[in-house]
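Treat the numbers as computed from the prediction; the structure is a model and nothing was measured.
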Amino acid sequence: MSAHATETTDPNDASDPNDATDPTDPLARERAHLTASRAALRAMRADVEALDIRDVTANWVNAIVLQAQIDDRIKALADLAHTPLFFGRLDYLHPVGGELAEGAEGERFYIGRRHVHDADGDPMVIDWRAPVSQPFYRASPQDPQDVATRRRFGYTGGELTAYEDEHLSDPGEAATVSKLLQQEIERPRVGPMRDIVATIQPEQDEIVRAGLAGSVCVQGGPGTGKTAVGLHRVAYLLYAHRERLARTGTLVIGPNRSFLHYIEQVLPALGELEVQQATVADLVAGGHEVRGEDSAATAVVKGDARMAEVLRRAVRSHVTPPTEALMVVRGSRRWRIPAYELTEIVEELLARDIRYGAAREALPQRIAHAVLVRMEQAGEAPDDRVQDAVARNAAVKAAVKEIWPVVDPAKLVLRLLSDEAFLAEHAEGLLTAEEQKLLLWTKPARSVRTARWSAADLVLIDEAGDLVERTPSLGHVVVDEAQDLSPMQYRAVGRRCTTGSATVLGDLAQGTTPWATRSWDEALAHLGKPEAVVEELTAGFRVPREVIAYASRLLPAISPGLAAVESVRETPGSLVVREVADPAELTDAVLAACREALVHEGSIGLIAADARVPALAAALTAAGLPFLAPGEETTAESRLTLVPASLAKGLEYDYVVLDEPAAVVDGEPDARTGLRRLYVCLTRAVSGLTLLHSAPLPEALATTGAATS
């Protein structure tokens with residue numbers, strides 16, 4: 001972007017910022033278009049609100065469905081005062097076809113979060129997901145894509161205050177970083193995560209617009225925007241395949257409730273209100289409550305993919321081959337099915353390896369068919385109604401109950417964890433004696449209801465449940481922070497998209513569970529999507545260069561061979577490492593650092609080892625510093641959030657105060673996991689990080705190179 005090709009305006013320019021009708025003032029004309037577009041959006045909403053369902057429906061069921069659709073449409077057309085209706089403009093060199101432009105004629109298009117049209121149906125704002133909007137994200141001087149000018153807009157509190165032009169088809173135009181783009185990326189955060197629709201980069205846009213048929217895995221370090229990419233991909237797919245996904249459903253899976261609360265406003269801001277959000281624990285709960293906790297070693301075994309085969313063996317073990325013939329009485333006739341023929345039917349069903357419940361439902365029909373063959377041989381002419389009647393015969397039902405009994409998934413898992421002989425029988429050749437011992441409860445529960453299930457136990461029950469009855473599949477599933485899933489958890493997620501696709505988001509360096517993902521190929525195989533394309537995001541847009549470089553010193557120890565993030569943000573003074581000689585003074589120093597951070601605009605995160613959180617909470621309260629819990633929205637009373645290290649993953653704050661890194665490391669079961677947890681905590685800052693410690697820092701961080709005080 002050359003100097004002569006850049007035209008930036010702000011409220012201090014000589015032109016009157018309140019004059020929206022001055023034809024000689026470009027900013028005024030853009031403000032006038034914004035005003036007209038907002039009026040058109042209000043009119044669109046008013047048209048929907050004015051609909052009278054009594055004119056179009058004849059029964060109460062249709063009325064309820066239609067009213068729900070109308071209510072959703074009204075919500076989607078809400079005009080958020082502090083969310084810009086459009087953020088860019090494209091001026092094409094040549095007219096764009098009507099199909100690509102959503103019915104628009106001409107060569108100028110305003111790009112925004114949703115489509116807005118005037119009373120005549122002509123578009124005033126084009127949805128960012130429309131094909132005609134794609135060059136806004138991908139066009140460049142080297143590949144202008146028939147765009148003459150790309151204009152970006154700057155806003156302050158919802159008011160359009162600036163614009164900036166790139167003349168992409170000008171041979172003399174040189175690619176430079178847009179100041180407005182940089183300002184939007186660095187804009188202070190307030191409350192939950194916001195969308196990045198105005199700042200999507202070309203490599204991110206390629207992932208966002210990838211087709212629905214294929215699954216994608218995104219490896220991205222801190223600040224590369226992988227979470228935002230995943231959410232915007234959902235929004236794009238809903239735009240491009242709305243009818244299909246309306247039938248099959250979409251789901252976003254996050255690591256915990258705090259994270260889901262943090263991201264929950266992104267999709268509604270883009271006009272998408274129907275996407276489900278859940279944790280893996282929510283998916284597998286099945287009405288059971290987590291009341292127990294496993295040791296790390298036990299959880300690793302329960303999360304191992306070998307448990308799937310143990311469960312499969314245990315489920316199939318309930319099938320008992322018949323030893324006696326079956327006699328079916330119909331009227332005055334008796335029909336005998338010998339044991340060997342029943343055994344052949346059972347073996348054929350087992351060989352098909354269909355789900356246990358489906359095979360159980362098929363068994364009476366197979367037996368009934370064998371009876372009908374004998375009827376036909378005897379000269380009778382039975383039809384399908386006779387076969388159904390035979391399948392419901394009391395003798396057939398009794399035989400099915402004996403041969404192929406009902407299996408309750410929770411009771412099955414309870415028996416595996418309680419019955420040493422039963423576990424040994426089905427884990428033979430799969431689990432060692434030591435691993436089996438880890439699985440067995442020292443004090444077995446009396447019943448499913450009284451069992452103290454752990455989170456890993458519920459995943460096993462979910463697996464067993466799918467062996468009995470197929471889990472319904474959704475059209476598309478996004479799973480974030482996937483590097484922390486166990487193989488069995490991947491299988492649980494994969495069951496939710498067997499006939500759909502998935503977007504997997506994560507960072508191998510941020511794996512903080514004992515079973516953390518070692519490679520994406522392995523993880524995708526457990527998910528059931530081995531063909532998924534793995535994309536890597538290495539450009540950092542959120543974390544300052546000085547901060548990410550400091551955190552990346554840990555990479556050789558926590559994830560050898562993984563490329564460090566290259567931040568595009570140069571923020572001098574963004575990192576301060578401060579040693580407190582007297583441990584008794586550390587808490588006071590942390591409080592002082594929080595006060596210093598609160599001088600700045602934006603959100604503040606105080607991150608500490610979980611064990612330190614109660615003491616810090618008491619100290620903050622005593623010092624009169626109000627604070628929030630992770631995921632809560634900032635308020636006029638508080639912009640400071642106290643964050644346990646275990647919940648920091650995925651969250652971002654403008655300024656972070658990190659308390660005692662050694663305590664973060666020591667809070668994990670092993671040093672490598674502790675360093676990974678610390679890496680996560682070090683990379684939550686968007687504008688500045690202050691690290692305070694009295695205990696020695698990890699060796700990789702103790703070397704010079706960071707600002708100290």
For Ser140 and Asp143, which I'm curious about, is there any donor-acceptor pair between the side chains at under 3.5 Å?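 No - no donor-acceptor pair under 3.5 Å links their side chains.
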Hydrogens and angles aside, do Gln204 and Tyr137 bring a side-chain donor and acceptor to less than 3.5 Å of each other? no
Would you call [X]-[Y] a salt bridge at under 4.0 Å N-O?
X	Y	value
Glu164	Arg152	no
Glu272	Arg242	yes
Lys649	Asp507	no
Asp654	Arg639	no

Tell me whether the centres of the aromatic rings in Tyr92 and Phe109 are closer together than 6.0 Å.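 That pair passes the under 6.0 Å test.
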Classify the angle between the aromatic ring planes of [X] and [Y] as parallel (below 30°), tilted (30 to 60°) or perpendicular (above 60°).
X	Y	value
Tyr655	His600	parallel
Tyr110	His33	parallel
Phe153	Tyr155	perpendicular

Step by step, would you call Thr149 with Asp165 a side-chain hydrogen bond (donor to acceptor under 3.5 Å, both in side chains)? CA-CA 6 Å; Thr149 303; Asp165 287 343; 5.8 Å; no
Between Ile548 and Ser567, what is the shortest heavy-atom contact and its length?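 Where Ile548 meets Ser567 most closely, the heavy atoms are CG2-CB, 3.8 Å.
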